[in-house]
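Have a look at the structure below before the remarks.
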Amino acid sequence: MTSHTQLAHLQRLEAESIHIMREVAATCENPVMLYSIGKDSGVMMHLALKAFYPSKLPFPILHVDTTWKFREMIEFREKFAAEHQLDLITHINQEGVAMGMGPFSHGSAVHTDVMKTQGLKQALDKYGFDAAFGGARRDEEKSRAKERIFSFRSAQHRWDPKSQRPELWNIYNNRIQKGESMRVFPLSNWTELDIWQYIHQENIPIVPLYLAKKRPVVERDGMLVMVDDDRMPMKPGEEPEMKMVRFRTLGCYPLTGAVESTATTVIEIIQEMLLTKTSERQGRAIDKDSNASMEQKKQEGYF
Amino acid sequence: MTTKSYEVQQSEQITNDIEGYLHDQEHKNFLRFITCGSVDDGKSTLIGRLLYDSKLIFEDQMASLENDSKKVGTQGGDIDFALLVDGLAAEREQGITIDVAYRFFATDKRKFIVADTPGHEQYTRNMATGASSADAAVILIDARKGILTQTRRHSFIVNLLGIRHAVVAVNKMDLMDYSQEVFQNIEAEYREFAENLDFLTITFVPMSALKGDNIMTPSDKMPWHDGPAFMSVLENIDVARKKAEKPFRMPVQWVNRPNLDFRGFSGTISSGTVKPGDTVIVLPSGKVSNVKSIVTYDGNLDQASADQAVTLTLEDEIDVSRGDVIAEINQRPETTDQFQAHIIWMGEQPMLPGRPYLIKTTNKTVAGEISALKHKVNVNSLEHEAGKTLALNEVGLCNISLDEAIAFEAYRDNPAMGAFIVIDKISNATVGAGMIDFGLRRATNVHWQAVDVDKTARAEQKRQKPVVLWFTGLSASGKSTIANLVEKKLHALGKHTYLLDGDNVRHGLNRDLGFVDADRVENIRRVGEVSKLMIDAGLIVLTAFISPFRAERRMVRDMMEPHEFIEVFVDTPLEICEKRDPKGLYKKARSGEIKNFTGYDSPYEPPERADIHLHTAEMTAAEAADAVIAKIEEKYQEV
């Protein structure tokens, strides 16, 4: 080793994330890890397994199920939780279910607010979690770039971007009053490329939807929507078409656009990603509403 | 011979040798830097330009950027790069950067994380935040304006946070006709100023972020500049801190105990290298053992170095917990409960010496106080100034005294072992950032003198339980009157008492103190200490002080045993106090003759859970005194 040795890039990111997770486990009373089943969640779970080894995860895993996730996501979740003996909590906003909530009937904004944002708040309140890990990254979106790793939430789960706590070095202030909570983002400094590269390097299992395959899709408002079940009403003249597609992010199937692709392995995804010119969140309907929409949603309690 | 552009080479490598490409990415050198400049120096424009020129802007972002540039841009329809980075809605509207933003980009030589921080004096804390994790600083100067007060402030702050490499970017050269003379004058002036600072390297680059001059490649507009372009400077700063060669230290973050057979200590190595078999010492306890194994999910390691997050097991079953530091035995860090440090104050409320705060180091939270403010540093002139408090964004040299010892090193030598934050005990806000200079040894020379006749013996002789009745309330609320009545009754019952009255104490013990917040805190601290001595003497102490701040009342409560402190809230509405005004003080406060008067221009924080709450509007002083006596009797029953 020379005197100029630095940890390799992913090693350094990994160590930082592990440090953050251990800090929460050591100092928070009742933490939880949000699990969205996506690739970032997969990386976060893998890092958590590393952080506490040989102990098991010292906190439960929470999935807020909107009931409109891709079927393959739910299968993956069940298999993953069983394999690692995780303490998995699945929460569904039953009030939303009673209202017959869905993106087709109520629109994407209302559906996301009720089933995702409100559902998350319900779950956090129900179990009294004082800290919740999320897999968000700073390179995803402009308001995320300014959010702290330990992000304070009021008792109403609100984020106040103007009064964030200064966050220096790797010394995190997670002290809160009763009812308040922390959202903790251990992947803050990872980029989309880092995530894929780490999945490749560590052989982390991912939902097969990330890989290209012939799938039934229809094109709506410039977005390729996969017909995942018979709840999707067809408009006149619409006919699902079998196309070679994959997904860059996973969420509610009617709100997640597919991209045409031939990448059937992780390494091909990385190649494709490096050679394309479209940023990741473009596939999500939710960000397009208004310029500052993510910031606004986050203030309201969205992850 | 033709050379292919970096972009083309890269695309070919991605297509033909993706594994090789990823390997190169993974082992690319890495730099974290901070950009600082004033509102219009073009910081966001520079970063937007770096992202744009390093091909990190995707087509959809580009479309949205073009759209926004037309709508809210400041470049008359041209692309406004600042819009790429000013993320918060308020920032876009005001056209300024409020908060620290972290950006990622890479060239073929290096990966970068840049902390983009605001330049205004009111955002000094944000700049310190960004600087805390950076290895180099880019200091922007507007060529038209030259070196400004804020240039000095930014340089001082980043240097205080330990940054040793500065790149001075003289921007907007296009507006000064790319004049060599302008640039050289700025360089000369900066070099003279920087003599007072502690930078290892300072590099000057004339540029135009807006036009792209001297950013990625040397500009033909400034042929007189023979130095490299900005990006090349960033790629070549040597920041290797040789952390791995320093003595081994690992702050214990979490005790890893899956079952009775395994006991590991998890943490991130601050410096040095560790191997199985190494003899280590655990601080502050001083226990010694050997490293048995370095455990990770990917298998046990033969050695681990700085920045790695690992789990160590030891040969011996010794007591180790979160907050301890495991260190090399022959070069151990010092331990102390008192040290000197520079503090950047980040709280909206001023720092008050003597007030209890929480001090958090990388792995330990300890109660403590800033025992003295030795001097303030004027962040604009770098001059030392006397002061009693630190306001938001002020920097001071302080003595800190902790309730427990910590292992530490000077921040200059080992930032991970010398940094701490200050947390407000009541609001939980992060109110300060500190960098330890050295330990103070005073603590080891003053010992508590044990005596044979103790508090219990003295109290038994007097046939009473010592207690302090702490009367708090506004001026003229009736504290002294009620306390006086209570003392008379207790005296009649044969109890040994002493009444400490606010006005009387200020004639003697505290005659040197005024009424600004810092003095109020010291006033109460001294009264608390005197009360504690009197309790030790076995007395029942009554105190009548406005004592307006919760933090200080809690500080006194914390000095005593739990049953020894009874907080009596004399709750009299301000209007009634004003009407009574026996000393004419409210009248003077109203006319502005006296300043910092509680209830007027100085706040009163009412107790949240007083032990006795007297609503004096609804009772006479005698009834109030009876209520207090009844409560004491009840309290005696409990004890």
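When only modelled atom types and interatomic distance are considered, A:Gln271 and B:Tyr21 share no side-chain donor-acceptor pair under 3.5 Å.
Heavy atoms from other residues, nucleotides or ligands lying under 6.0 Å from CD of A:Gln177 number more than 12. At most 12 non-hydrogen atoms from other residues, nucleotides or ligands lie less than 6.0 angstrom from NE2 of B:His23.
Interface remark: of the candidates B:Ser132, B:Ser133, B:Ala309, B:Ala416, B:Ser132 forms the most heavy-atom pairs closer than 4.5 Å to chain A. For the set B:Asn259, B:Ile421, B:Asn256, B:Asn363, the entry with the most heavy-atom pairs within less than 4.5 Å of chain A is B:Asn256. The choice from B:Ser266, B:Ala433, B:Ala429, B:Ala131 that makes the most heavy-atom pairs within less than 4.5 Å of chain A is B:Ser266. Among B:Ile113, B:Thr15, B:Thr365, the residue making the largest number of heavy-atom pairs under 4.5 Å with chain A is B:Thr15. The choice from B:Val295, B:Asp298, B:Val255 that makes the most heavy-atom pairs within less than 4.5 Å of chain A is B:Asp298. Put simply, of A:Gln201, A:His200, A:Glu16, the one with the most heavy-atom pairs under 4.5 Å next to chain B is A:His200. Between chain B and the options A:Ile18, A:Ile176, A:Asn174, the largest number of non-hydrogen pairs under 4.5 Å is found for A:Ile176.
Between A:Phe52 and B:Tyr297, the gap from one ring centroid to the other reaches at least 6.0 Å.
Here the CD-CG distance, from A:Gln197 to A:Leu10, works out to 5.0 Å after rounding to the nearest 0.5 Å. In this structure, CE on A:Met182 lies 7.5 Å from OG on A:Ser151, to the nearest 0.5 angstrom.
In summary, A:Asp40 and A:Arg137 engage in a salt bridge, as defined by a charged side-chain N under 4.0 Å from a carboxylate O. Between B:Arg125 and B:Glu348 a salt bridge is recorded (basic side-chain N to carboxylate O distance below 4.0 Å). Ion pairing of A:Arg153 with A:Glu147 is present here, as a side-chain N (NZ or NE/NH1/NH2) and a carboxylate O approach within less than 4.0 Å. Salt-bridge check for A:Arg246 with A:Glu260: failed, with every basic side-chain N at 4.0 Å or more from each acidic carboxylate O.
Only the backbone of B:Ile426 comes within contact range of chain A, judged by heavy atoms closer than 4.5 Å. Contacts between B:Thr296 and chain A at a heavy-atom distance below 4.5 Å involve the backbone alone (N, CA, C, O). In this structure, the portions of A:Asn189 lying under 4.5 Å from any heavy atom of chain B include both its backbone and its side chain. With a 4.5 Å cut-off on non-hydrogen atoms, B:Lys360 touches chain A through its backbone and its side chain both. Residue contact with chain B, scored on non-hydrogen atoms closer than 4.5 Å, involves the backbone of A:Ser188 exclusively. Both the backbone and the side chain of B:Ala419 come within contact range of chain A, with heavy atoms under 4.5 Å apart. Using a 4.5 Å cut-off between heavy atoms, B:Val310 touches chain A through its backbone atoms (N, CA, C, O) alone. With a threshold of 4.5 angstrom between heavy atoms, A:Arg12 approaches chain B through side-chain atoms but not through N, CA, C or O. For A:Glu23, the parts lying under 4.5 angstrom from a heavy atom of chain B are both the backbone and the side chain.
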